[in-house]
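Worksheet: one structure, shown below.
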Amino acid sequence: MRVGPDLRSGEPERHVRVKQRSSVLNMLRRLDKIRFRGHKRDDFLDLAESPNASDTECSDEIPLKVPRTSPRDSEELRDPAGPGTLIMATGVQDFNRTEFDRLNEIKGHLEIALLEKHFLQEELRKLREETNAEMLRQELDRERQRRMELEQKVQEVLKARTEEQTAQQPPKGQAQASNGAERRSQGLSSRLQKWFYERFGEYVEDFRFQPEENTVETEEPLSARRLTENMRRLKRGAKPVTNFVKNLSALSDWYSVYTSAIAFTVYMNAVWHGWAIPLFLFLAILRLSLNYLIARGWRIQWSIVPEVSEPMEPPKEDLTVSEKFQLVLDVAQKAQNLFGKMADILEKIKNLFMWVQPEITQKLYVALWAAFLASCFFPYRLVGLTVGLYAGIKFFLIDFIFKRCPRLRAKYDTPYIIWRSLPTDPQLKERSSAAVSRRLQTTSSRSYVPSAPAGLGKEEDAGRFHSTKKGNFHEIFNLTENERPLAVCENGWRCCLINRDRKMPTDYIRNGVLYVTENYLCFESSKSGSSKRNKVIKLVDITDIQKYKVLSVLPGSGMGIAVSTPSTQKPLVFGAMVHRDEAFETILSQYIKITSAAASGGDS
């Protein structure tokens, strides 16, 4: 059926196609074929793989989609020819809408039925696979047989036990007596265990092993006040030991003649009669008794050397920054010296036993063998008497003579010689470096011997080839070849030259190295360039030399040297010098040497 306007009007053709009823019937037939065709079981999805159906899909109430007419369709339905065509178009549209709604409803019911059928088939298949009735029946029969067998065995065992009990059952009086004895023994054992635990349980618990707890101690932050307090505590704690050592040295030096004579006589008599150990024990008991009386308030002073009481300065609470810095420097210096002495003692003992110097350790080795053989073949009384007499004579007489005669001590005091000749680790490093430098010097001198002139000596030859990082020494400072740095400052002292006559910042401060020769004071600038930046000062021209403090704000005596010459209005300052004291002593001694030689030459 086709409805449209007249072609004579000249407008484009507008039409609406209406589905025939036969198409709807064909669709229903196809659905019936699909419904009753049947599918294979494997073609359906599993429940776990099938999509989750929503509430709208599983319910019977299916929302019907109402087709919307677009503006274009409404325009197509409009017919300018008259209202009759419009009424016919609306009728066709209603017919199409009802057929479409019926089709959707049938389609929805069909999908729901197919899904229910599929789900029920899958559930049935799973139930058949999981529950096998025949297998369950067989297992049930087996379990019944086993139960019957176990019941028979249990009945047989119970009958055998009852027969044995009736055959071995004693009279009632004996059974009650045996039960009472058992209860009494159990009560006595429990009482014994309780008494033992009350008396010795605490001691047993002390011997129980427990894992060690690794506790990490918290470190205190650096504090100037805490540092000074710890140093004072160390000094007070070491005071009794230092006083004891001072008293022993006073006895050996015969500081008090009567006390030393009495101590020497008593000691020698005790050793001769074999009372040396009781003597030392009696002295220890006497010292503890005196300490007890002193702690109780008695004023007792038993010391050979008179004690000098040092005034205790109360700690200041409000300190300035410079005072705190100076305090830290003082404490650090004391700690440095103390640790240095302790390190020297420990390193010497270590090097003595590690054969660092075999000739020294060999003496100790021989002495230990002699003492071992003497202890094996001689009686202990004789060995103790010999050792005690030698120790008394050595402590009271020989050490006194050696301390009064240093030359004699340096020749014949074997322990003193061994101790002084033992090296420390820094000394060993210096020796090794010096040996390496000597080898290098010998190899270099051998390589330069043919090229050196015949008239030059060893010192001139060494000075000829001494060089710095930038070249030969005499070429850098325009000096003669015999001018070379002294042995103290072969590598120079790092410092900065402060020339206050200059106004430019680049010329005001220069970093470099300071050298001292026999006649000159040479400063080599670290900046690359011409030799104008270097400074050469004759030692004879120096009018004044003194230690200088560049910044007055910093504590301490400073790290600079001020040198005045006639050519400069203000003194030249060599600042930021770490080894200031060593450089000052070297410059001053060389200056005094040259000025005294010049004065003696002028007088002659």
Side-chain angles (χ1 to χ4, degrees), residues 212 217 230-231 234-235 237-253 267 271 276-277 279-281 283-284 332-439:
E212 295 182 358
E217 297 182 356
N230 291 338
M231 287 299 296
L234 179 63
K235 189 175 180 181
K239 191 175 181 180
V241 180
T242 55
N243 290 337
F244 179 71
V245 174
K246 286 180 181 178
N247 289 326
L248 287 180
S249 62
L251 279 176
S252 179
D253 295 340
Y267 175 77
V271 171
I277 296 176
L279 176 63
F280 289 120
L281 294 175
L283 291 175
Q333 184 179 4
K334 292 179 181 178
Q336 174 188 349
N337 298 332
L338 178 62
F339 294 156
K341 291 178 182 178
M342 294 173 65
D344 290 342
I345 294 170
L346 296 175
E347 287 173 358
K348 284 186 176 183
I349 294 172
K350 185 252 303 180
N351 295 331
L352 175 63
F353 287 98
M354 293 303 295
W355 294 81
V356 175
Q357 284 191 348
E359 63 275 6
I360 297 174
T361 311
Q362 187 178 1
K363 296 178 182 179
L364 177 64
Y365 189 72
V366 173
L368 290 175
W369 269 109
F372 172 72
L373 294 175
S375 64
C376 290
F377 294 102
F378 295 101
Y380 287 103
R381 184 178 179 82
L382 181 61
V383 174
L385 179 63
T386 306
V387 174
L389 292 175
Y390 173 75
I393 295 170
K394 177 76 170 61
F395 182 77
F396 285 98
L397 300 178
I398 297 175
D399 287 347
F400 174 74
I401 296 171
F402 282 156
K403 288 179 181 178
R404 293 294 183 271
C405 305
R407 293 183 179 179
L408 193 65
R409 184 178 190 179
K411 291 181 180 180
Y412 301 106
D413 193 358
T414 305
Y416 176 77
I417 294 169
I418 290 174
W419 184 255
R420 290 296 297 271
S421 58
L422 282 172
T424 59
D425 290 347
Q427 291 175 356
L428 290 174
K429 290 181 181 179
E430 290 178 0
R431 290 179 185 179
S432 61
S433 61
V436 172
S437 62
R438 287 174 186 173
R439 291 175 186 174

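As the structure is a prediction and not an experimental result, all values here were calculated from the model.
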Results of side chain to side chain donor-acceptor pair (under 3.5 Å) for [X] - residues two or more places apart only:
X	answer
Asp413	Arg409
Lys350	Asp425
Lys403	Asp253

Grab the two heavy atoms, one from [X] and one from [Y], that are nearest each other, plus how far apart they are.
X	Y	result
Arg431	Pro423	NH1-CB, 3.9 Å
Leu248	Phe395	O-CZ, 3.2 Å
Pro426	Glu347	CD-OE1, 3.5 Å

**Asked** Is a side-chain donor or acceptor of Thr424 paired with a backbone partner of Asp344 at a separation under 3.5 angstrom?
**Response** no
**Prompt:** Quick check: does any side chain N or O of Asp399 sit under 3.5 Å from a backbone N or O of Ser252, one acting as donor and the other as acceptor?
**Reply:** no
Could you grab the distance from atom [atom1] of [X] to atom [atom2] of [Y], nearest 0.5 Å is fine?
X	Y	atom1	atom2	answer
Leu422	Ile345	CG	CD1	12.0 Å
Gln427	Ser432	CD	OG	12.0 Å
Leu428	Asn351	CG	CG	5.5 Å
Lys246	Lys239	NZ	NZ	8.5 Å

Show every donor-acceptor pair shorter than 3.5 Å between a side-chain atom in residues 356-366 and any protein atom, with sequence neighbours excluded, or say none if there are none.
residue	atom	partner	partner atom	Å
Thr361	OG1	Leu352	O	2.8
Thr361	OG1	Gln357	O	3.3
Tyr365	OH	Trp369	NE1	3.1

**Prompt:** Got Ile401 and Tyr412 here, is their nearest side-chain heavy-atom distance under 4.5 Å?
**Reply:** no
**Min side-chain heavy-atom separation Ile398-Phe402 under 4.5 Å** = yes
**Which residues share a ring-ring contact (aromatic ring centres under 6.0 Å, His included) with Phe396, sequence neighbours left out** = Phe264
Distance-only check: which donor-acceptor pairs under 3.5 Å involve side-chain atoms of residues 377-391, not counting sequence neighbours?
residue	atom	partner	partner atom	Å
Thr386	OG1	Leu382	O	2.8

**Prompt:** In this structure, are over 12 heavy atoms from other groups packed under 6.0 Å from Lys394 atom NZ?
**Reply:** yes
